[in-house]
Amino acid sequence: MANDHRHFPNKLRWYRKLHRYQQKQVATCLGVAASRLSRWERGREYPNLTHLLTLCALYQTLPTDLYGEYWQEIKEHLKTKQWELFEQR
């Protein structure tokens with residue numbers, strides 16, 4: 001699931017625009033290249049946990065707000081795995 005290369009919609013760009021930040025400003029704050037931030041915003045790559053939490057603090061939001069559909073898929077995947085674990089007992 002984590003390495004399947006699908007593009008999960010996110011709201012990184014929307015929140016950046018909401019706060020009137022330029023990509024370069026946010027990238028500098030995170031210590032990454034603007035091109036990396038662009039790939040995150042387009043769903044080509046994902047920020048690591050430290051960057052994700054920093055983005056949440058910067059944008060005053062939660063990870064579930066930034067990656068809502070991905071979060072839902074993870075929850076569904078975990079439900080399936082939990083049932084499998086219970087069935088094995």
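On a predicted model such as this, the values are computed, not experimentally measured, just so you know. Count residues from 1 along the sequence. The analysis underlying the following values was restricted to heavy atoms, covering all of them including side chains, and did not include hydrogens, waters or symmetry mates.
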What pair of heavy atoms forms the shortest contact from Thr50 to Asn48, and how long is it?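 Minimum heavy-atom separation between Thr50 and Asn48: N-OD1, 3.1 Å.
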Smallest separation among heavy atoms of Pro63 and Cys56, with atom names: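 Closest pair (atom of Pro63, atom of Cys56, distance): N-SG, 3.3 Å.
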For the residue pair Lys11 and Asp65, establish whether any side-chain heavy-atom pair is separated by less than 4.5 Å.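 No, too far: nothing below the 4.5 Å cut-off.
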4.5 Å side-chain heavy-atom contact, Trp40 and His51: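 Touching, per the 4.5 Å side-chain cut-off.
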Please collect all salt bridge (Lys or Arg N to Asp or Glu O under 4.0 Å) contacts where either partner lies in residues 45-55, sequence neighbours excluded, each pair once.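 For residues 45-55: Arg36-Glu45, Arg39-Glu45.
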Sequence neighbours excluded and cut-off under 3.5 Å, please list the side-chain donor-acceptor pairs for residues 19-26, or say none.
unit_1, atom_1, unit_2, atom_2, d
His19, NE2, Tyr59, O, 3.0
Gln23, NE2, Glu41, OE1, 2.9
Gln25, OE1, Gln22, N, 2.6

Do you reckon [X] sits in the same ILVMFWY cluster as [Y], going by side-chain contacts under 4.5 Å, direct or chained?
X: Tyr70; Y: Leu66; answer: yes
X: Leu62; Y: Tyr46; answer: no
X: Trp14; Y: Tyr67; answer: yes

Quick check for you: to the nearest 0.5 Å, what is the distance between [X] atom [atom1] and [Y] atom [atom2]?
X: Thr64; Y: Glu69; atom1: OG1; atom2: CD; result: 13.0 Å
X: Arg42; Y: Leu37; atom1: CZ; atom2: CG; result: 10.0 Å
X: Leu18; Y: Arg13; atom1: CG; atom2: CZ; result: 13.0 Å
X: Leu58; Y: Leu30; atom1: CG; atom2: CG; result: 7.0 Å

Closer than 3.5 angstrom, by distance alone: can the side chain of Thr80 be matched with the main-chain N or O of Glu76 as a donor-acceptor pair?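 Flag set: sc Thr80 to bb Glu76 pair under 3.5 Å.
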Supply the members, apart from Leu53, of the Ile/Leu/Val/Met/Phe/Trp/Tyr cluster built from side-chain contacts under 4.5 Å; use none for a lone residue.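 Other cluster members: Leu49.
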